[in-house]
Asker: 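My questions all concern the structure below.
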Protein chains: 2
Amino acid sequence: MKSAPPEPARLSGIVVELSAAIAAVTDESPKILMVRPPDTAARAGLPCGPFDPTGHRTLEEGLRTWVNEQTGLALGYVEQLYTFGNKFRDPEERAGGPRPLSVGYLALLRQTEVKSSAKADWVDFYRYFPWEDGRKGAPAILDSLILPRLAAWRDETKGPEKQRRRDRILLAFGTEGASWDNERVLERYELLYEAGLVFEASFDSGQKVEPNLVAAQMVTGAALTKDHRRILATALGRLRAKIKYRPVIFELMPPTFTLFQLQRAVEALAGGPLHKQNFRRLVANEGLVEPTGHMSAQTGGRPAELFRFRREVVHERPAPGVRLPVRVRKS
Amino acid sequence: MKSAPPEPARLSGIVVELSAAIAAVTDESPKILMVRPPDTAARAGLPCGPFDPTGHRTLEEGLRTWVNEQTGLALGYVEQLYTFGNKFRDPEERAGGPRPLSVGYLALLRQTEVKSSAKADWVDFYRYFPWEDGRKGAPAILDSLILPRLAAWRDETKGPEKQRRRDRILLAFGTEGASWDNERVLERYELLYEAGLVFEASFDSGQKVEPNLVAAQMVTGAALTKDHRRILATALGRLRAKIKYRPVIFELMPPTFTLFQLQRAVEALAGGPLHKQNFRRLVANEGLVEPTGHMSAQTGGRPAELFRFRREVVHERPAPGVRLPVRVRKS
DNA sequence: CCTATATATGCTCATAGTAAGCACAATTAT
DNA sequence: ATAATTGTGCTTACTATGAGCATATATAGG
């Protein structure tokens, strides 16, 4: 075993897959592109395909090729997220299939480029993570179901393990006076998974779970195939982090927009309400946008000025981004 | 081609390698663990080994196993960085070898655990990135060599490509009034690579370069095998980002330490000087440390109080970290 | 002992950024 | 006309940050 050289024969049991969480914001709602399952019994999943070592010069190029073939889309902004390689992340592995690694990517698409297709749908992010949408106050599902269930899961154990579980819940969900960090999407999903509160957990383990847990799983968001919901959680967490220090939000906006549209887009991703006046001041002070001089087609109130993104900011400031003046979450 | 199913035969030409940038801080100098090359003609590299899909349950477990076998170290803090898969990242691929992917990791080790071994050495980070060490003012090599060379490389071209190169230089090196962002380690390395200013560039391309460029390469840091310097640049960038919003610096400190030792460790990684009084205020205000009541063995001046890390902070604050009050870089 | 030097620690002050909210303007729906 | 909706300017209190002064306590060397 020690310092054995690579053995191609032993290593051929690996498949490298490229998967993409492709995000857009339409009508103030955050959307993600999902490939429709082959039959109604199966679950939907992210666009993905195998990496081709002879055809693809880079991993990213392979991803772009695959997405283009599967959905017809030409991706713009693309960023590598994480490589997933846990044993049995794909159930087929149990049946003797090769070990599947998946290199996950986050891609952003402008609203204008969004079109439906025969194979893929645009689905609201929060259908998979209903507990992450705090735009209209703390999600009801937290107090009504998730936190009690997590507390029960914590109390299944004793001693140091119980303490560890308490700590993790506290950190992820901001209980016991700790604060809710909107970036900890993955931590929250993984806790729900471990506590058996999402469908994938009971499916992956193959165990029967108690009936009222099954009922609970029906309301903890829609399930995805394999570990794609985990990949998606990683993507949302990264995206929430990134809009705070890089102007990626503009990858999702049309060429011109009102400040309120911009705010709605940020809120859609961040999952919380923003203070309007402060948001405008922030965006203006950072020099992120410049007025076009035109006014928007009215949308119910006083007409708003149209702005465009100032590409020059990246040269001027070290970390231009929307450092959300998020209102304190009242739980 | 279109939507072709995975073909195991075609895909078997992939090797997945796990590589680790293992960092520590000893004597106020940032160190990285390097595996010694087999002969003096070869270049050193990061500890790494192939991923074993049958033996390793997770990628991270595989990494820990490999590092332990190669260096005898049991890693503590480990974090996945990035997966590298560019064609010909390993020169052996040109000779018909399989396509090598590498999943890069960042690991942190306490000073107390650092011991040399027969196979591996602890090397100062900045031996590979001399332009990143601004602790004693802006590195001389920037003005004397790097920036003029980059300007020449920029001026090789005309029109939009020239503008693109100017923008990239400006963003990465903070020229023309822009500010130096200590996290953009990878962008800087890649610019030097593209401009042919590091040894790996001429080696990888196989071209002869003009003699005075070779001379220049001698002072732009030590070369590493394959693309390991790129992986290392990714690691340093990530580490510099992370210490600002997560208390990872304490993964590198001994159980108790003086505030000045802590400051020196942060400076070593961040690559710039800090304002002492403000640093102390910051660390105290964030509640990152607590006094032990003991005093340090003197180190030349008034004895300092010994502190320890307060593990509880992670529960109290959303993003505890050392938000460096870095002094403005005088170039 | 005295002095230079190095580190440790407490404190001030000016400035910038942030959270919260008041006030008012310009439009549409009823 | 009036309510509702959205846009925009401005104030106020508070907090964080950058810079520096002042002083405390040690060591090293004459």
Side-chain angles (χ1 to χ4, degrees), chain A residues 27-28 179-180 244-245 256-267 270 272-307 316-330, chain B residues 27-28 179-180 244-245 256-267 270 272-307 316-330:
Chain A
D27 296 328
E28 310 184 347
S179 63
W180 174 278
K244 289 175 197 159
Y245 63 96
T256 69
F257 44 82
T258 70
L259 293 181
F260 200 46
Q261 282 169 346
L262 184 65
Q263 179 181 343
R264 288 298 193 203
V266 174
E267 287 177 336
L274 304 183
H275 184 281
K276 196 188 213 170
Q277 297 94 315
N278 289 346
F279 178 81
R280 316 179 109 257
R281 181 185 54 188
L282 195 86
V283 170
N285 282 355
E286 297 266 351
L288 288 168
V289 298
E290 61 191 359
T292 64
H294 297 149
M295 295 308 234
S296 80
Q298 316 80 330
T299 56
R302 168 175 165 178
E305 187 159 16
L306 284 168
F307 291 80
E316 300 163 2
R317 309 192 136 251
V322 182
R323 297 200 311 284
L324 324 176
V326 186
R327 213 170 302 204
V328 177
R329 197 148 174 151
K330 299 162 196 163
Chain B
D27 296 328
E28 309 183 348
S179 62
W180 173 279
K244 290 176 195 159
Y245 62 95
T256 69
F257 45 83
T258 71
L259 293 182
F260 200 47
Q261 283 169 345
L262 184 65
Q263 179 180 345
R264 287 298 194 204
V266 174
E267 287 175 337
L274 304 183
H275 184 282
K276 195 187 211 171
Q277 298 93 316
N278 289 347
F279 179 81
R280 316 177 111 256
R281 181 180 55 185
L282 196 85
V283 170
N285 282 354
E286 298 266 352
L288 288 168
V289 298
E290 61 191 358
T292 64
H294 298 148
M295 295 309 233
S296 80
Q298 319 78 330
T299 55
R302 168 174 167 179
E305 188 159 15
L306 284 168
F307 291 80
E316 300 163 3
R317 308 191 138 252
V322 182
R323 296 199 309 286
L324 326 175
V326 185
R327 212 172 303 201
V328 177
R329 196 149 175 150
K330 298 164 198 163

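Excluded from the calculations below are hydrogen atoms, water molecules and symmetry mates; all remaining heavy atoms, backbone and side chain alike, are included. Lettering of chains follows the sequences in order, A, B, ..., and the numbering in each one begins at 1.
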Asker: Measure from the side chain of A:R302, starting at C-beta and using heavy atoms only, and say which of C:dA25, C:dT9, D:dA26 lies closest.
Answerer: C:dA25
Asker: In whole angstrom, what separates B:L274's CG from D:dT17's P?
Answerer: 13 Å
Asker: Which comes earlier along DNA chain D counting from the 5' end, the contact point of B:Q277 or that of A:T258, where each point is its nearest nucleotide?
Answerer: A:T258
Asker: Is a donor-acceptor pair below 3.5 Å formed from side chain B:N285 to base D:dA16, judging by atom type as modelled?
Answerer: no
Asker: So, does B:K276 get its side chain near the phosphate of C:dT9, meaning an N or O under 4.0 Å from OP1 or OP2?
Answerer: no
Asker: What is the distance, rounded to the nearest whole Å, between atom CG of A:L259 and atom P of D:dT5?
Answerer: 21 Å
Asker: Provide, to the nearest angstrom, the distance between the CD atom belonging to A:E28 and the P atom belonging to D:dT6.
Answerer: 9 Å
Asker: So does A:V322 get a backbone contact from the side chain of A:E286, meaning a donor-acceptor N/O pair under 3.5 Å?
Answerer: no
Asker: Measure the shortest side-chain to side-chain distance between B:F307 and B:L288 over non-hydrogen atoms and say whether it is less than 4.5 angstrom.
Answerer: no
Asker: Using atom CG of A:L282 as one end and atom C1' of C:dA20 as the other, report the distance to the nearest whole Å.
Answerer: 15 Å
Asker: Compare the minimum distances between each of C:dA19, D:dG7, C:dT7 and the side chain of A:N278, then state the nucleotide with the smallest one.
Answerer: C:dA19
Asker: Determine whether B:R280 and B:V283 make a side-chain contact, defined as any pair of heavy atoms from C-beta on separated by less than 4.5 Å.
Answerer: no
Asker: Side-chain contact test, heavy atoms from C-beta onward, threshold under 4.5 Å: evaluate it for A:Q263 versus A:V266 and give yes or no.
Answerer: no
Asker: Using whole Å, report how far CG of A:L306 lies from C1' of D:dT6.
Answerer: 14 Å
Asker: What heavy-atom pair brings A:S296 and A:P303 nearest, and what distance separates the two atoms?
Answerer: O-CB, 4.2 Å
Asker: OP1 or OP2 of D:dT8 sitting under 4.0 Å from any side-chain N/O of A:R280?
Answerer: yes
Asker: Using atom CZ of A:F279 as one end and atom C1' of D:dC10 as the other, report the distance to the nearest whole Å.
Answerer: 19 Å
Asker: Looking at B:R281 and D:dA16, is any side-chain donor or acceptor paired with a base atom of the opposite kind under 3.5 Å?
Answerer: no
Asker: Return the value, rounded to whole Å, for the distance between atom CE of A:M295 and atom C1' of C:dT27.
Answerer: 11 Å
Asker: When the distance from CZ of A:R264 to C1' of D:dT6 is rounded to whole Å, what number comes out?
Answerer: 10 Å
